[in-house]
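Okay, so here's the structure we're looking at.
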Amino acid sequence: MDAAVSDALQLALSPVQLGGVRLRNRVFVPGHTTNFGHQNRPTERHVAYHRERARGGVGLIITEAVRVHPTSAGRHISLGCFDDDAIPAFAAIAQAVQAEGAKLFGQLMHAGRQANGDATRTVAWAASPIRWSGTAHVPHAMGLGEIQTIVRAFGDAARRLAQAGLDGLEVHLGHGHLLQQFLSPVTNQRTDAYGGSLENRLRITREVLERVFASAPNLPVGLRISAHEFLPGGLDPEQMIEVVGMLRAEYELAYVHVSHAAYQACYSLATQMADMSFPHAPFKHHAAMFRKAFPDLPVLAVCRLDSLEEAAQLIKDGEADLVGLARPHVADPHLVRKAMEGRNHEVRTCLACNQGCVGRLEKDLPISCVVNPEVGLEREWERVRRTKPATSRAVLVVGGGPAGLEAALSARRAGHRVTLAEASEHLGGQLRVAARVPGRERLAPLYEELERDVRAAGVEVRTGWTVTADEVLAGSWDDVVIATGSRPSRRPLVNGPEVLDVLQAVDLIVDGPLPTGAVVVFDEEGDWRTASIVEHLASRGVEVHIVSPAAVLSPRITTYSRLGLVERLTQRSVHVHLMRRLADAGPDSVALVDVVGGGRQEITGVQYVVDGAPGIAEDTLFRELDRRILNGGGPRLHLAGDANAPRSALEAVFEGRVAGAIRATFDDPDPVVLALSY
């Protein structure tokens with residue numbers, strides 16, 4: 001271990017015993033959904049994904065939720081352990097993780113009412129017929145025989161994971177899943193032996209633990225809980241300390257893994273995957289309460305532990321015994337090893353943006369990451385690195401935003417000679433502007449760390465250079481990556497208030513005088529560009545109206561983050577006008593028209609209108625080079641990011657990584673892009 005490692009980090013990186021299993025350090029990857037499954041079985045994607053994080057130095061990996069029964073599957077890309085045929089697939093993950101020196105625990109879970117039956121055309125099972133959201137299907141209230149079916153299923157899944165060679169098990173009693181649905185008075189309205197008193201509501205959990213311990217007698221068993229449901233009348237830390245105390249008196253629990261939240265369509269769900277609107281470790285006090293209540297029971301802490309150094313402080317301060325970093329390990333699977341080797345300065349930081357992880361999960365897509373485009377494609381990128389071009393090529397990257405920076409870094413690491421040209425005096429592109437908005441500062445590490453790595457890799461960086469087609473064709477470039485980004489659009493209102501595009505609006509709220517009149521934000525995209533402007537203006541007391549033709553507020557923001565946004569906008573009295581368009585305007589007024597029906601509404605006292613229209617690809621250089629090269633020959637052209645079409649940083653970084661991995665033959669199929677087809 002490097003001598004520069006702090007005392008807190010040294011403690012976090014020291015070995016520990018967990019239920020008789022020796023871990024090489026106190027850092028773990030908590031269970032998190034990946035959507036890498038196929039027919040509810042683990043795949044080679046899982047093996048490669050977890051192997052990479054084990055190789056990165058973590059002590060323990062806990063699998064994503066392993067559903068114990070088909071009624072919990074929801075869709076085929078989740079993981080299940082329904083029959084013995086699943087054992088070899090789980091064994092492959094265990095062997096890969098253990099070969100790299102880490103341990104693997106399996107998380108056993110039934111989703112209950114969250115098990116979306118749309119894909120399977122089946123009903124969700126729950127304690128009571130209470131929906132988790134206003135648009136969800138009403139679940140089936142389980143009968144006594146069905147309860148016993150699920151209890152047996154927990155035991156059968158435990159046996160199979162033990163046979164697969166996993167090192168331990170974790171029973172999920174949190175996050176509003178089935179066992180918590182029985183435990184919580186908010187979701188359990190039963191009048192039989194499984195409802196009413198705490199003893200009754202805890203009955204199914206006791207039966208599950210009894211069966212799990214009997215089915216896997218040689219494995220340690222931990223418990224994951226939600227310390228606080230954040231629901232009126234719901235479970236709170238005091239009640240959950242009582243619950244853990246009762247269970248611990250009866251069962252030899254290896255640990256308690258302290259999380260929080262209930263899967264309910266309200267603010268509670270927003271806390272579960274706390275985004276950048278929350279501070280670091282906003283719920284660490286929950287773990288500390290359990291650590292104090294049970295000083296001899298290992299306590300695992302989790303949620304928005306942003307860096308290993310910050311997480312390690314919880315252990316040093318006696319607030320936890322182990323610390324879990326899920327999204328930071330998605331962003332950088334080697335963060336533990338880098339810390340051990342004194343290379344913390346090389347870590348790629350999780351942005352807590354929820355864009356590539358949770359945002360893709362909601363679309364039933366495999367997780368990815370803005371910061372790490374290799375997530376879920378570890379095998380394919382390893383093949384790319386093994387098949388570097390035989391000769392070094394001269395590569396010009398035009399544009400210093402996230403796509404250009406990633407392309408330059410990718411090309412340089414592939415062994416090419418790379419020059420990066422940026423028209424402005426600073427790198428970062430529009431991401432640098434977005435990070436200026438209060439509350440969105442956590443975007444800055446993306447371009448700051450890319451610039452750090454680009455310069456460290458030996459890329460020639462030239463700022464203040466607006467590249468022309470003549471300069472490209474006069475140079476001796478073999479490949480040119482065009483990552484010139486996009487520009488915002490702005491549509492004036494005839495005789496109306498001043499109209500600002502989104503970049504001008506950022507200048508206003510950061511540097512300009514506070515508006516004295518109302519601000520109308522026309523939101524056609526439904527993403528954070530406009531939402532962050534609305535939120536900040538409202539937080540400063542400005543009267544803000546958000547107008548959208550969509551039926552849902554901010555549809556391109558993940559549900560987890562949107563529920564938190566709605567809560568904050570409500571507190572700040574933002575006026576929301578959905579299914580409306582701007583019609584016409586007066587000097588200080590704007591008329592809205594209903595998308596359906598054509599009814600009109602007028603907003604008066606308006607000082608500014610912010611136009612959140614789609615951006616426009618800045619592709620002039622590409623168009624000219626494409627025309628001239630086709631006629632007369634020249635370097636190979638590659639497009640990346642918004643120069644292709646305006647989208648988000650997730651696509652920009654991915655396309656930059658792909659474009660920079662210059663292939664020997666331009667028409668060769670790209671193995672990474674091909675992998676996305678399955």
Side-chain angles (χ1 to χ4, degrees), residues 15 18-19 21-67 77-81 84-108 157-170 216 218-220 222 322 324-338 340 357 366-369 372-386 671-672 675 678:
L18 194 64
V21 175
R22 185 181 187 275
L23 306 179
R24 60 185 173 184
N25 57 57
R26 300 163 186 263
V27 184
F28 70 99
V29 178
H32 56 282
T33 305
T34 62
N35 280 357
F36 295 162
H38 180 67
Q39 296 181 341
N40 302 120
R41 302 276 171 78
T43 64
E44 285 299 316
R45 273 190 177 185
H46 284 104
V47 174
Y49 177 81
H50 291 303
R51 177 192 289 121
E52 194 66 22
R53 278 132 194 95
R55 186 177 292 160
V58 71
L60 170 67
I61 295 174
I62 302 175
T63 69
E64 63 190 272
V66 178
R67 287 149 171 83
I77 53 179
S78 65
L79 287 193
C81 198
D84 288 358
D85 290 345
I87 294 173
F90 283 101
I93 300 176
Q95 291 162 12
V97 167
Q98 293 158 356
E100 297 295 342
K103 302 298 182 183
L104 182 70
F105 283 21
Q107 183 185 93
L108 299 174
R159 172 185 58 79
R160 292 174 186 128
L161 293 184
Q163 289 179 247
L166 274 70
D167 300 289
L169 300 172
E170 178 176 276
N218 298 319
L219 292 187
L322 285 85
L325 298 94
R327 285 173 290 179
H329 268 104
V330 177
D332 191 335
H334 292 266
L335 63 89
V336 173
R337 189 163 303 284
K338 289 176 180 178
M340 294 174 63
C357 48
I367 63 168
S368 182
C369 180
N372 180 8
E374 296 189 11
V375 171
L377 298 166
E378 285 81 6
R379 293 174 301 158
E380 289 73 25
W381 279 107
E382 185 61 32
R383 286 203 293 270
V384 168
R385 281 188 284 271
R386 286 200 307 265
V672 173
Y678 71 86

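None of these values were measured; they are calculated from a predicted model.
- Using a 4.0 Å cut-off between a side-chain N of Lys or Arg and a carboxylate O of Asp or Glu, Arg159 and Asp84 qualify as a salt bridge.
- Between Arg53 and Glu378 there is a salt bridge, with a side-chain nitrogen of the basic residue lying less than 4.0 Å from a carboxylate oxygen of the acidic one.
- Between Glu52 and Arg55, at least one side-chain nitrogen of the basic residue sits less than 4.0 Å from a carboxylate oxygen of the acidic one, meeting the salt-bridge criterion.
- By the side-chain hydrogen bond (donor to acceptor under 3.5 Å, both in side chains) test, Arg51 pairs with no residue at all, sequence neighbours left out.
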Please report the C-alpha distance between Asp167 and Phe105 in whole Å, then the side-chain angles of each, then the deciding distance to 0.1 Å, and finally whether the side-chain contact (heavy atoms from CB on, under 4.5 Å) criterion is met. CA-CA 5 Å; Asp167 300 289; Phe105 283 21; 3.8 Å; yes

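- Qualifying ring-ring contact (aromatic ring centres under 6.0 Å, His included) partners for His32, counting only residues two or more places apart in sequence or in other chains: Tyr49.
- Partners of Gln95 under the side chain to side chain contact (heavy atoms under 4.5 Å, CB included) rule, at least two apart in sequence or in another chain, are Ala91.
- For the salt bridge (Lys or Arg N to Asp or Glu O under 4.0 Å) test, no residue two or more places apart in sequence or in another chain qualifies with Lys103.
- Taking the side chain to side chain contact (heavy atoms under 4.5 Å, CB included) definition, one finds that Ala331 meets it with Cys350, Cys369, Val371, sequence neighbours left out.
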Just do the side-chain contact (heavy atoms from CB on, under 4.5 Å) check on Thr33 and Ile367 with the steps written out, would you? CA-CA 8 Å; Thr33 305; Ile367 63 168; 6.0 Å; no

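- With sequence neighbours excluded, no residue satisfies salt bridge (Lys or Arg N to Asp or Glu O under 4.0 Å) with Asp85.
- Without hydrogens or angle criteria, Thr43 side chain to His38 main chain gives no donor-acceptor distance under 3.5 Å.
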